[in-house]
**Q** 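Starting off with a structure, shown below.
Position 1 is the first residue of the sequence; numbering continues from there. Heavy atoms only: backbone and side chains are in, while hydrogens, waters and symmetry mates are out. Numbering of ligands and ligand atoms starts at 1, following listing order.
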Amino acid sequence: MINKITLMFNRLPWQTKLVLSGSSAIFLTFFLFSFLEYHTVSKWMMNREEIAINRTITDIATFYKAKAETLTRTDIIDTEEFLRNMNDKDQLIRVYDSKGNILVSDKNGNFPVLEPVPTRVSTTDRISIEGKEAFVARYPINGDKFKGTLEVVRHLNNYHKMMSNLFWVMTIFGVAAILFSAISGLFLAKQLLQPVRRLARGMKKIKEDGFQGRVEVYKQKDDLTELTNVFNEMMDEIEKSFQAQKQFVEDASHELRTPVSILEGHLSLLNRWGKKDPVILEESLDASLQELSRLKKLINDLLVLTRAENQRIVTVEKTDIVDLALKIISKLEIIHPDYQFEIKMEKNLPMINMAEHHFEQILIILLDNSIKYSNEDKTISISAVRDEGEVIVSVSDHGIGIANEDIPDVFNRFYRVDKARIRENGGTGLGLSIAKQLVIKYNGSILIESKEGIGTKVSISIPTATHNRKS
Ligand code: ADP
């Protein structure tokens, strides 16, 4: 049942929810307050009625007590005038003897015939007379010549009238308070929800018109302005990343198109003449295979770059750069015997915080570039120095260098300084982008210094692992 109500409440529009909660809170508070007030007033009134009846009976009893020694039946009968003076509204006063014979009686209001109850002790009780509540107080009169009972009966008309008035006043006020709270709640909820509705409208519009749109930020500064700002900032980020993705797909397709068209050219050449001409057949097949391996490298680089961009480094491995650099160089020396590799590593270098295969990937990219872009001087150096919690690894060459204006762009995807020439040596324009992405993932940085015609030095800084390198 409660679950059903909660479910129904949750399904209501926010405005109704706010109004309902506000009104119920006010109603409950008012109800509790009224309940307590009603009971307190009721108790207090009842007390007053009891005090009043007791005072009346004590006053009359004192009067009779003063004459106790001489008091006779006739004296009692003669007190009718006195009793009338002492009487109050809705009150009956009478005196009867020990047998229940009424000697004197004065009543103010309607009282039915009541059976006398002679008593020996004084009592005050609450009774019901024909459905009407009343107090009845009895007091024994113990004179020397007369023994009887003084009785006062007091209807609670006044009390009931007062309580009923209070009840109606409270009910009317309660209903008015609920109505007022509902109306003001409705107004307040409308005011409160206006910015949220505006935000929702803005978002809907963006959904329909495309995410170049933004939600208008209103002047008044509150939590919802903050929300709008956050939403707009998030949209900026999404748009930026969408544009970057789009650019990437465009660039990648463009890059893939060149080798594919070259392949297509060679294959149609083969198709037309190559079948009969062994020279053309040989040349075209060679060229096609070369183009295919370039295509393979491009696709592979694209894959590596995408992985580097999306990878989250969870557990950081430690790598000994000296060991690894020596291994890579010894392999390169075999493949490129005409190059001289120099290694200048500081002693006792700490391990770095990077997975071995990633460091290997970066080092190969940098060394491969130095090999590709070297001229007559084929000396390539690798150095590593420690620098305040980091190790700086640099690869430098004496190759063609990069023009100053091109340096800021070389980390961009597919950027090649001299496209036509570099295509020939197999460059895809992705190597430095991959290296940069990887270095950033490990909280490192990459820097390139180059002079056209003199040489290039690429340095990467990588945080060191906490403990020192094994000796
Ligand atoms: P690529 O696969 O074409 O080498 P990179 O991203 O590694 O792509 O490099 C981008 C461009 O930066 C290269 O095309 C080249 O023009 C230039 N470059 C990179 N390294 C060197 C270097 N050591 N010497 C001269 N130019 C370089």
Side-chain angles (χ1 to χ4, degrees), residues 244 247-248 250-252 254-259 262 290-309 325 328-329 332 335-336 338-344 358-384 392-441 444-460:
Q247 188 65 44
F248 181 65
E250 271 171 23
D251 291 348
H254 183 80
E255 291 297 324
L256 289 167
R257 215 168 41 208
T258 319
I262 295 173
Q290 212 181 331
E291 242 7 91
L292 261 181
S293 74
R294 195 167 291 158
L295 199 60
K296 203 170 135 195
K297 184 174 176 347
L298 185 61
I299 292 169
N300 195 46
D301 279 359
L302 275 173
L303 210 64
V304 173
L305 180 64
T306 322
R307 274 198 202 128
E309 277 175 352
I328 296 169
I329 295 294
L332 285 178
I335 309 168
H336 302 283
D338 45 338
Y339 285 80
Q340 287 87 50
F341 295 96
E342 287 176 1
I343 303 183
K344 296 175 208 158
H358 281 153
F359 182 68
E360 187 176 356
Q361 213 162 18
I362 297 171
L363 213 55
I364 290 177
I365 289 170
L366 303 186
L367 288 167
D368 189 48
N369 277 350
S370 289
I371 294 168
K372 275 191 296 198
Y373 308 117
S374 274
N375 275 334
E376 294 81 36
D377 186 348
K378 294 186 187 309
T379 319
I380 296 168
S381 333
I382 308 176
S383 68
I392 303 173
V393 182
S394 311
V395 174
S396 34
D397 59 62
H398 305 280
I400 58 170
I402 307 167
N404 266 344
E405 64 267 25
D406 288 318
I407 291 181
D409 295 320
V410 290
F411 292 110
N412 293 345
R413 288 181 300 217
F414 303 111
Y415 190 85
R416 284 166 298 197
V417 175
D418 180 351
K419 291 210 177 201
R421 215 179 86 190
I422 286 161
R423 238 190 76 78
E424 283 166 23
N425 59 29
T428 58
L430 289 174
L432 287 179
S433 314
I434 296 171
K436 187 177 175 183
Q437 281 302 329
L438 286 175
V439 169
I440 287 172
K441 287 275 155 169
S445 57
I446 186 163
L447 176 81
I448 188 157
E449 299 157 272
S450 187
K451 277 224 157 70
E452 223 175 344
I454 294 182
T456 305
K457 179 177 177 186
V458 186
S459 311
I460 55 167

**Q** Is there side-chain contact between Leu367 and Ile329, with at least one heavy-atom pair below 4.5 Å?
**A**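 Leu367 reaches Ile329 side chain to side chain.
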
**Q** Do Tyr339 and Ile380 come within less than 4.5 Å of each other through their side chains, counting heavy atoms only?
**A**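 Answer yes - side chains close enough.
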
**Q** Give me the atom names and distance for the closest heavy-atom approach of Ser450 to Ile402.
**A**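 For Ser450 versus Ile402, the nearest heavy atoms are OG-N, 2.7 Å.
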
**Q** Is there a nitrogen or oxygen of Ser433 sitting under 3.5 Å from a nitrogen or oxygen of ligand 1?
**A**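 It does not: no N or O of Ser433 is found under 3.5 Å from an N or O of ligand 1.
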
**Q** Scan side-chain atoms only and decide if Thr428 and Asp301 contain a donor-acceptor pair under the 3.5 Å cut-off.
**A**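 Yes, side-chain donor-acceptor contact under 3.5 Å.
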
**Q** Which of the atoms of ligand 1 are close to Lys372, meaning less than 4.0 Å from one of its heavy atoms?
**A**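 Contacts of ligand 1 toward Lys372, numbered from 1: 1 (P), 2 (O), 4 (O).
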
**Q** Are the side chains of Glu452 and Ile400 in touch, meaning some heavy atoms are under 4.5 Å apart?
**A**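 With C-beta onward as the side chain, the pair stays apart.
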
**Q** Among the heavy atoms of Gly399, does any lie under 4.0 Å from an atom of ligand 1?
**A**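 No, Gly399 has no heavy atom closer than 4.0 Å to ligand 1.
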
**Q** Under the side chain to side chain donor-acceptor pair (under 3.5 Å) test, which residues partner Glu309, sequence neighbours left out?
**A**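 Result, side chain to side chain donor-acceptor pair (under 3.5 Å) vs Glu309: Arg413.
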
**Q** Mind checking whether Tyr415 contacts ligand 1 via backbone (N, CA, C, O), side chain (CB onward), both or neither, at a 4.0 Å heavy-atom cut-off?
**A**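 Contact part for Tyr415 vs ligand 1: backbone (N, CA, C, O).
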
**Q** For the backbone of Thr379 and the side chain of Asp377, can you confirm whether one donor and one acceptor N or O come within less than 3.5 Å of each other?
**A**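 A pair under 3.5 Å: yes.
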
**Q** Decide whether an N or O pair under 3.5 Å exists between Ile402 and ligand 1.
**A**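 Between Ile402 and ligand 1 (N or O atoms, distance only) the closest approach is not under 3.5 Å.
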
**Q** Atom 18 (N) of ligand 1: which of Phe411, Phe414, Tyr373 has the nearest heavy atom?
**A**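 Going through Phe411, Phe414, Tyr373 one by one, Tyr373 has the nearest heavy atom to atom 18 (N) of ligand 1.
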
**Q** Out of all atoms in ligand 1, which are within 4.0 Å of some heavy atom of Arg416? Include the element for each.
**A**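 Every atom of ligand 1 under 4.0 Å from some heavy atom of Arg416: 3 (O), 14 (O).
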
**Q** So for ligand 1, is Ile400 a polar contact partner (N or O within less than 3.5 Å, distance only)?
**A**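 Looking only at distances, the answer is no, because the N/O contact criterion of under 3.5 Å is not met.
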
**Q** Which option, Leu432, Thr456, Thr428, owns the non-hydrogen atom nearest atom 6 (O) of ligand 1?
**A**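 Minimum heavy-atom distance to atom 6 (O) of ligand 1 goes to Leu432.
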
**Q** Among residues at least two apart in sequence or on other chains, which ones pass side chain to side chain donor-acceptor pair (under 3.5 Å) with Ser459?
**A**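 Result, side chain to side chain donor-acceptor pair (under 3.5 Å) vs Ser459: Ser394.
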
**Q** Counting from 1, what ligand 1 atoms have a heavy atom of Gly431 closer than 4.0 Å?
**A**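 It comes down to these atoms of ligand 1: 5 (P), 6 (O), 7 (O), 8 (O).
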
**Q** If you measure from atom 1 (P) of ligand 1 to every heavy atom of Ser374, Gly429, Ser370, which option wins on shortest distance?
**A**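 Comparing heavy atoms across Ser374, Gly429, Ser370, the nearest one to atom 1 (P) of ligand 1 lies in Gly429.
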
**Q** Below 4.0 angstrom from a heavy atom of Val410, which ligand 1 atoms are there? Numbered from 1 as shown, please.
**A**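 In order of numbering, the contacting atoms are 6 (O), 10 (C), 12 (O).
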
**Q** Can you tell me which portion of Leu430 lies within the under-4.0 Å heavy-atom range of ligand 1? Options are side chain, backbone, both, or neither.
**A**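 Answer for Leu430: backbone.
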
**Q** Is a side-chain N or O of Ser433 found less than 3.5 angstrom from the main chain of Phe411, in a donor-acceptor match?
**A**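 Side chain of Ser433 to backbone of Phe411, a donor-acceptor pair under 3.5 Å: yes, one is there.
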
